Amino acid sequence: MDIKGIMEKMTLQDKARAVAGVGFWWTPAYPELEVPPIQVSDGPHGVRKMYDIPAEKRMGTITSVCFPAACASACSFDPELLEEMGHALGLECQAEDIAVLLGPAVNIKRSPLCGRNFEYVSEDPYVAGKLASALIRGVQAEGVGTSIKHFAANNQEYERMFCSSEVDERTLREIYLPAFETAVKEADPWTFMCSYNRINGTYSSENPWLLTKVLRDEWGYDGLVMSDWGAVADRVAGIAAGLDLEMPGSNGVNEAGICKAVEEGRLSEAALDQAVENVLRLVEKALDQKKEVTVDWEKDHEKALAIARECIVLLKNEEKVLPLSGDEKVALIGGFAERPRYQGGGSSHIESFKVVSSLSVAERYGTFTYNRGFSEAKDEIDEELQREALAAAEEADKIVVFAGLPDVFESEAYDREHMQLPACQNLLIEKLTKLGKPVIVVLHNGSPVELPWADKVDAIVEAYLGGEAIGEAVMDVLYGRVNPSGKLAESFPIKLQDNPSYLNFPGMDHKVRYAEGVFVGYRYYDTKQMEVRFPFGHGLSYTEFRYGNLRVSRKSFTAAEGVTVSVDVTNVGDRAGKETVQLYVADRTGSAIRPVHELKGFCKLALEPGETKTAQFVLDERAFAWYDVKRGDWYAANGSYIIEVGRSSRQIEYTTEVHIIGSKKLPLPIGRDTQLGEILQDPATREYILEQMKPYFDRLVPNDSESMEMVEAIVRFMPLQATRSFYEVTNEQIDEIVADLRKLVEEAEQK
């Protein structure tokens, strides 16, 4: 495609039309310029291609395979698995003539109440970035683009199209932007999708700091930026800010506004040309990589099953009540056994190829009875259903309850009002625990729930929304045909009120304050040493793993050099299994207020009984750094850092201390209000200020040592200008001292 030649033939009206979608899913076509349209489709865990049925005056979606939603797939902690899923999705898109799959979604799980958490990856930006990058690489390897979303700080559904996320820059840089940044640098998504919300008062769709300064200038992104559907406020401002494509278009309204703005000089034609070029480059890329594909839907269903098996998390297993034996009489209870909740609602909803429930395959595993017990669709106590379930449970050796959140509890467009399971489910589970039989609970949910009976049941299996094959995957885990290996990609607080965003979610007056700052998820719970139901990274196995021989390539290094960390893991149990080794870094330099530790690496190892493998991690400067707004850059201070390696954020097996050297300190800003303590701590200025202030310091020295601590505190926190009240010094003399101190700092910097 001759993009330059095409643009030369375009009128201003043609260009304005080129940067707006046609219908809901298409880019505009220019037959006279040989530019065909391309189609995009909702995702991200299945192909949700829409079709029109004019005769019936309705729209529908094609049938495709529903893979595990991000809430589940993230628990695999397996980038290779996510990349494999991406390949399957990419081929399905090719078969359906889809050029761009809208996903993955990497917004951070700030609150358990966000209605769209099922579609998001994690509360941790490192995990979100690594797993999203893997999915992107898989999809795009098949010649289909992705659209990573929603850029940025879209962490709730309440007022999502209008509210302003009030969040400081350091928090944005450390929590809400890194997953996007990682994807740019490791996977290069074809497109970005901007979010609906405002950030500190400015809509994402017209935010030059977000779309140009950070995304393009700093991260080097050169792909296309599109809007979320209906997210454009001021189209002219959006083009100037770096928004290329408006979706789904505005029926010509904004196109006319673009033309008028260019004609009146309010929008440069160069900015419009750049947007047009980015759209045409996307079309060209899609056409160049188009290929004929025939999908084996049954084979993709088996892939969805294999992935689901890797995502299930064994949260609790007292007295090794699991796995079940085929000889045991098992009571299956709960509507989700018959009709599993396996995906979320809204724009990611898939018309699934084939849904397999646990009940439909149960006869393959052993002897069982089934009673509904409660509805999977609503919170309604049915006394008769409960009586039947309790009677069946009385006759069983073990009881398996399939519980979870009904579809209506979680969806795009609204948030949850609470973190509780339906009362009818909690009531029946409580009654079952009083029968004196082992009780196992299987959860089908898109985000954490409160578990008031957690200490009374014997086992808890978190299935999340595991895709269309989740019923079979759950039975494989329950009966030990598959050894569970999932780990939680989010924390489970005991109650909603424990969540750090609780007092500021979902906000008021059309604003939501991110007052918790960088203390999101485990960063908050672990720093506060707060009890949680299940910690980030937690997940059990049917075998046992032993850690040992933690080692680092060097104990002291510059931030630019980084360090390699290795640890050995041995399967000391009697069956094959997989363990996800997690590496956390704890900053002990005191250079900033930081979480007690942060995840900076993970590695999933498959181990046969008796086998030992080594998990290796390469830590670069960013693994140790925090974002210093004064510098406008990342900074790893000199000093001590603790490397922690373990099974979860709360189960650290080994630690070792390392030291960073050679980092450049931020020059001390000198002014009348600079504290004496800061000046005394800086080697460049200490001797000078001691000499200048000697008479003052001499007068402050107390006769008794008991007063020394108070004097030291007074001096440490006193600004230069305050010495006027205690020492004969004028403003002019203070300004001279300030000038001398600045000179000393500059000279030290030059050295």
Side-chain angles (χ1 to χ4, degrees), residues 70-71 74 105-125 128 149-177 179 195-204 228 344-346 405 408-421 445-451 488-528 530-536 595:
C71 62
V106 297
N107 297 106
I108 296 299
K109 298 183 180 186
R110 176 176 177 249
S111 167
L113 297 185
C114 176
R116 212 165 177 179
N117 274 353
F118 62 83
E119 194 177 339
Y120 299 152
V121 179
S122 178
E123 68 185 32
D124 181 80
K149 60 187 185 181
H150 309 87
F151 194 55
N154 176 191
N155 308 101
Q156 63 188 57
E157 293 300 282
Y158 176 77
E159 287 196 335
R160 64 172 176 165
M161 300 185 77
F162 185 73
C163 79
S164 178
S165 299
E166 301 292 305
V167 52
D168 66 271
E169 185 178 0
R170 181 185 166 195
T171 299
L172 278 170
R173 297 280 193 169
E174 293 189 23
I175 303 296
Y176 298 101
L177 297 184
S195 58
Y196 288 110
N197 54 284
R198 294 173 290 160
I199 299 176
N200 297 323
T202 302
Y203 281 107
S204 296
D228 203 340
L405 295 175
V408 72
F409 275 45
E410 295 178 293
S411 177
E412 180 178 356
Y414 58 85
D415 297 316
R416 288 197 287 167
E417 296 181 359
H418 55 75
M419 214 178 96
Q420 300 162 16
L421 287 168
N445 47 297
S447 53
V449 290
E450 294 176 10
L451 306 173
L488 288 179
E490 60 188 330
S491 307
F492 268 53
I494 292 176
K495 59 184 184 301
L496 174 62
Q497 290 83 349
D498 294 340
N499 181 261
S501 71
Y502 176 71
L503 295 176
N504 293 283
F505 185 96
M508 62 185 303
D509 297 329
H510 313 305
K511 294 181 180 180
V512 52
R513 294 177 60 246
Y514 287 53
E516 68 279 1
V518 299
F519 293 92
V520 176
Y522 73 88
R523 286 169 166 81
Y524 175 79
Y525 301 123
D526 292 358
T527 303
K528 288 267 291 184
M530 178 182 290
E531 185 179 358
V532 293
R533 182 65 70 193
F534 298 108
F536 175 86

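What you see is a predicted model, and the numbers here were worked out from it, not measured in a lab. All residue numbers refer to positions in the sequence shown, counting from 1.
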A.B. asks: Taking side-chain contact (heavy atoms from CB on, under 4.5 Å) as the definition, give me every residue that meets it alongside P595, ordered by chain and number, with sequence neighbours left out.
C.D. replies: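 Only V518, F519, R523, T527, E598 meet the side-chain contact (heavy atoms from CB on, under 4.5 Å) criterion with P595.
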A.B. asks: Might you confirm whether atom CD of E417 has over 12 heavy atoms from other residues, nucleotides or ligands at distances under 6.0 Å?
C.D. replies: no
A.B. asks: Assess the residue pair S491 and E123 against the criterion (side chain to side chain donor-acceptor pair (under 3.5 Å)); give the C-alpha distance rounded to whole Å, side-chain angles, the decisive distance to 0.1 Å, and a yes or no.
C.D. replies: CA-CA 8 Å; S491 307; E123 68 185 32; 2.8 Å; yes
A.B. asks: For a quick test of your reading: what N or O donor-acceptor pairs under 3.5 Å do the side chains of residues 500-508 make, sequence neighbours left out?
C.D. replies:
from	atom 1	to	atom 2	distance (Å)
S501	OG	N499	OD1	2.5
N504	OD1	R513	NH1	3.1

A.B. asks: Can you check side chain to side chain contact (heavy atoms under 4.5 Å, CB included) on E157 and D415, steps first, answer last?
C.D. replies: CA-CA 6 Å; E157 293 300 282; D415 297 316; 3.4 Å; yes
A.B. asks: With the side chain counted from C-beta on, respond yes when P493 and Y525 share a heavy-atom pair under 4.5 Å apart, and no when they do not.
C.D. replies: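 P493 reaches Y525 side chain to side chain.
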A.B. asks: Measure from the side-chain N and O atoms of E410 to the backbone N and O of G446, and report whether any donor-acceptor pair falls under 3.5 Å.
C.D. replies: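 Such a contact is found between E410 side chain and G446 backbone.
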A.B. asks: Would you say the side chain of M419 lies within less than 4.5 Å of the side chain of F492, judging by non-hydrogen atoms?
C.D. replies: no
A.B. asks: When rounded to the nearest 0.5 angstrom, what distance separates CD1 in I494 from CG in L451?
C.D. replies: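 Between I494 CD1 and L451 CG, I get 10.0 Å after rounding to 0.5 Å.
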A.B. asks: Taking the side chain from S195 and the backbone from A152, do they hold a donor-acceptor pair closer than 3.5 Å?
C.D. replies: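 Checked: pair present.
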A.B. asks: With no hydrogens and no angle check, is any side-chain donor or acceptor of D168 less than 3.5 Å from a backbone partner on R170?
C.D. replies: yes
A.B. asks: Determine whether more than 12 heavy atoms belonging to other residues, nucleotides or ligands lie under 6.0 Å from atom OH of Y158.
C.D. replies: no
A.B. asks: Can any side-chain N or O of Y514 pair as donor or acceptor with the backbone N or O of R110 at less than 3.5 Å?
C.D. replies: no
A.B. asks: Would you mind reporting whether I108 and P125 have side-chain heavy atoms less than 4.5 Å apart?
C.D. replies: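 In contact.
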A.B. asks: I'd like to know if the side chain of N155 pairs up with that of Y176 as donor and acceptor (distance under 3.5 Å, no hydrogens or angles considered).
C.D. replies: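 Y176 and N155 do not have a side-chain donor-acceptor pair below 3.5 Å.
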A.B. asks: Can you check whether Q156 reaches C163 side chain to side chain, under 4.5 Å on heavy atoms?
C.D. replies: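 Yes, close enough: below the 4.5 Å cut-off.
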A.B. asks: Does the pair Y120 and N154 meet the rule for a side chain to side chain contact (heavy atoms under 4.5 Å, CB included), with working shown?
C.D. replies: CA-CA 11 Å; Y120 299 152; N154 176 191; 4.1 Å; yes
A.B. asks: Tell me every residue that passes ring-ring contact (aromatic ring centres under 6.0 Å, His included) with F118, counting only those two or more places apart in sequence or in another chain.
C.D. replies: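 With sequence neighbours excluded, F118 shows a ring-ring contact (aromatic ring centres under 6.0 Å, His included) to no residue whatsoever.
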A.B. asks: Hey, does N197 have a side-chain heavy atom less than 4.5 Å from the side chain of V512?
C.D. replies: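 Of all side-chain heavy-atom pairs linking N197 with V512, none is under 4.5 Å.
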A.B. asks: Apply side-chain hydrogen bond (donor to acceptor under 3.5 Å, both in side chains) to E531 and list each qualifying residue two or more places apart in sequence or on a separate chain.
C.D. replies: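 None.
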A.B. asks: Go through R160 and R116 one step at a time and tell me if the side chain to side chain contact (heavy atoms under 4.5 Å, CB included) criterion holds.
C.D. replies: CA-CA 11 Å; R160 64 172 176 165; R116 212 165 177 179; 3.2 Å; yes
A.B. asks: Which is it for H150 and S204 under the side chain to side chain contact (heavy atoms under 4.5 Å, CB included) test, yes or no, and what are the steps along the way?
C.D. replies: CA-CA 9 Å; H150 309 87; S204 296; over 6 Å; no
A.B. asks: Who passes side-chain hydrogen bond (donor to acceptor under 3.5 Å, both in side chains) against S111, sequence neighbours left out?
C.D. replies: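 Partners of S111 under the side-chain hydrogen bond (donor to acceptor under 3.5 Å, both in side chains) test: none.
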A.B. asks: Return the set of residues passing side-chain hydrogen bond (donor to acceptor under 3.5 Å, both in side chains) with K495 (not counting sequence neighbours), or none when no residue passes.
C.D. replies: D498
